Amino acid sequence: MKICALLLFSFLGLGLTVPIERATPKKEAEPPPQEQQDTGLYYDRYLREVIDVLETDGHFREKLQAANADDIKSGKLSKELDFVSHNVRTKLDELKRQEVSRLRMLIKAKMDATMEENVQIDHMSLLKQFEHLDPQNQHTFEARDLELLIQAATKDLENYDAARHEEFKRYEMMKEHERREYLKSLDEEKRKMEEAHFEEMKNKHKEHPKVNVPGSMDQLKEVWEETDGLDPNEFNPKTFFKLHDTNGDGVLDEQELEALFTKELEKVYDPKNEEDDMVEMEEERLRMREHVMKNVDANHDRMVTLDEFLKSTEKKELNEADGWETVDETQIYTDEELRRFEQELAAQESALNQRAEELRKEHEQLQQQQIELDAQKKEYKQAVLQMEQKKAQQIGADAAAGPNGELKFQPEAPHSESENAKPVEEQVKPAEQQQNSNVQPGAPGEAGQKEHEAHHSQGQDHPGQS
């Protein structure tokens, strides 16, 4: 726990928050292990895994316990990495290779989203933008890697609070912008009602008990009495310090300090109240912690030692303050900042609208192209159908012709056996049947006899013909 405190709270200065509810600490009970919270750094997991591995080495643990914040920040402690066990070095090497692989994936994903395909990526050059490891050596974890990790985390987290303040300012300006836009959408009567309700909630939020200055004797004694349940007349700064050093590492880190502000925050903010904004509560907590660090943390290592704490209880500037000005009593942004913010929003909205119009036109073009493609597809289908019909007709014509192109007649359908058994003479053609339809049928052989007799008489009349 000592190592975590030094590494994560000394040179990292984590901006952690704590729940609004805090259980009364018990002197004899062992404090539960604190849950590790995300630092907000994009390499947070890598940072914590390196710390966890280093904690397992006895030599490094011993050197770390004897080191101060300056030794850690300056890189002096990094040189002790050469003396850790082989097993620890092997684990650190693997962690670095995994981190390099992760960064490569991030680079590729970014390039895929912004560049054309089949573009060669120079990972070596791109890895140089990451300052928390040595990109020249991508396979082993060396003292230089630990030094760079410490320096990068220190620099990044020193700007963490400033980034949070800027984010909160934009949040407040957006809230005011949306309120104004909403009022514009109302008629005169509803607008007056909404403005009256807004002023009512604003005034209701200001109705709260006096908020003590964080770190002042009044604030500490209130925690001593209401949170710790002790007699305010028997307040002892040294006992108070030990009570609230919940992890027993001899210092009050930022998380332990912020826990002291819970009672003050409860005076102003209640998540059940419409007029109380919990985002503002977290900004209030951050401002309180910064105030204590500024006035109590003498060496600016982002931790409060017992000696620093005892000296702060004697400061007149802390103990003679009238009270703490809350966020709603502080000007978060100027009118000019709000005007520029709204101009920025208008420009963004205009750009989005322009892009939306471009997309709409592209959509219409795609729809028109689809219609044209469907029409072409229909024409192609008709052409193919006509070609198939012509081909079928050609095949039929070829089948009706002989090998030399002469016409071929299809054979008649076969007759029944009884019909085939008749003599040829009896198979009269339909035309002849029509011509002889009026002739009365004679006895069998009569027609043939008459024809023979006629032929014979013709022969007698013309004996010279043969």
Side-chain angles (χ1 to χ4, degrees), residues 1-10 13-37 65 68-69 209-269 281-282 284-319 321 323-324:
M1 190 60 68
K2 175 72 174 179
I3 296 176
C4 284
L6 282 173
L7 282 176
L8 288 180
F9 296 109
S10 175
L14 300 181
L16 303 177
T17 59
V18 295
I20 191 69
E21 299 292 341
R22 178 174 178 270
T24 303
K26 298 180 181 180
K27 299 181 182 180
E28 298 180 358
E30 183 71 19
Q34 297 181 359
E35 180 182 356
Q36 291 186 347
Q37 302 187 38
Q65 289 176 340
N68 55 34
K210 175 186 174 182
V211 180
N212 296 312
V213 175
S216 65
M217 286 297 294
D218 290 341
Q219 189 257 326
L220 298 178
K221 286 183 177 180
E222 190 172 275
V223 174
W224 173 274
E225 179 180 5
E226 298 186 14
T227 302
D228 301 331
L230 301 175
D231 188 347
N233 297 321
E234 298 179 0
F235 177 78
N236 185 301
K238 188 174 182 179
T239 303
F240 182 93
F241 182 91
K242 292 183 178 180
L243 274 175
H244 294 277
D245 177 18
T246 55
N247 58 11
D249 61 357
V251 295
L252 295 179
D253 56 48
E254 293 181 342
Q255 188 177 14
E256 291 166 335
L257 282 174
E258 289 185 355
L260 299 177
F261 312 143
T262 300
K263 296 301 298 182
E264 303 303 322
L265 294 171
E266 287 177 342
K267 295 177 182 179
V268 186
Y269 300 97
M281 184 190 73
E282 292 305 322
E284 200 82 70
R285 191 194 305 275
L286 174 59
R287 293 173 65 242
M288 287 181 172
R289 190 245 299 161
E290 288 178 330
H291 176 80
V292 171
M293 285 297 186
K294 180 180 178 181
N295 292 278
V296 180
D297 181 20
N299 61 357
H300 305 292
D301 63 353
R302 303 180 75 93
M303 293 186 298
V304 176
T305 64
L306 176 59
D307 183 61
E308 290 172 333
F309 181 77
L310 295 178
K311 289 181 179 179
S312 71
T313 59
E314 302 172 358
K315 288 186 176 182
K316 292 183 178 181
E317 57 268 27
L318 276 177
N319 299 316
W324 176 255

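Start at 1 with the first residue, then count along the sequence. Computation of the quantities below employed the complete heavy-atom set of this structure, encompassing side-chain atoms and omitting hydrogens, waters and symmetry-equivalent molecules. Just so it is clear, the model here is predicted, and its values are computed rather than measured.
Between E284 and R287 a salt bridge is recorded (basic side-chain N to carboxylate O distance below 4.0 Å). Taking a cutoff of 4.0 Å between a charged side-chain nitrogen and a carboxylate oxygen, E222 and K210 do not qualify as a salt bridge.
Interatomic distance, OG of S216 versus NZ of K221, reported as 10.0 Å (0.5 Å rounding). Within the model, atoms CG of L257 and CD of E290 stand 12.5 Å from one another, a figure rounded to the nearest 0.5 Å. Taking OG of S312 as the reference point, atom CG of D297 lies at 10.5 Å (rounded to 0.5 Å). Rounded to the nearest 0.5 angstrom, Q255 CD and R289 CZ are separated by 11.0 Å. Here the CZ-CG distance, from F241 to L306, works out to 5.0 Å after rounding to the nearest 0.5 Å. E282 CD to Y269 OH: the interatomic distance, rounded to the nearest 0.5 Å, is 10.0 Å.
Between the Q219 side chain and the L260 main chain, a donor and an acceptor come within less than 3.5 Å of each other. Side chain of E256 to main chain of N247: a donor-acceptor pair is present (N/O by atom type, distance under 3.5 Å, no hydrogens or angles). A donor-acceptor pair is defined here as one N or O able to donate and one able to accept, closer than 3.5 Å; no such pair exists between the side chain of K263 and the backbone of E226. A distance-only check finds a donor-acceptor pair linking the side chain of N295 to the backbone of H291 [under 3.5 Å]. Not a single donor-acceptor pair under 3.5 Å links the side chain of D218 to the backbone N or O of N212. When atom types are taken as modelled, the side chain of E308 and the backbone of A298 share a donor-acceptor pair closer than 3.5 angstrom.
Between L220 and F309, the closest heavy-atom pair is CD1-CZ, 3.8 Å. Of all heavy-atom pairs spanning W224 and L243, the tightest one is CZ3-CD1, 4.3 Å. Taking each heavy atom of P237 and T313 in turn, the nearest pair found is CB-CG2, 4.2 Å. F261 and P214 get closest at one heavy-atom pair: CE2-CB, 3.8 Å.
The only member of L310, L252, V251, V296 that meets side-chain contact (heavy atoms from CB on, under 4.5 Å) when paired with T305 is V251.
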Full working for side-chain contact (heavy atoms from CB on, under 4.5 Å) between E225 and L230: CA-CA 5 Å; E225 179 180 5; L230 301 175; over 6 Å; no
Evaluation steps, side-chain contact (heavy atoms from CB on, under 4.5 Å), between W324 and E264: CA-CA 10 Å; W324 176 255; E264 303 303 322; over 6 Å; no
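Between F240 and F235, the ring planes are tilted. Angles from 30° to 60° get that label.
Looking only at side-chain heavy atoms (C-beta outward), E254 and M303 stay at 4.5 Å or farther from each other. Residues V211 and M288 are in side-chain contact: their nearest non-hydrogen atoms beyond the backbone lie under 4.5 Å apart.
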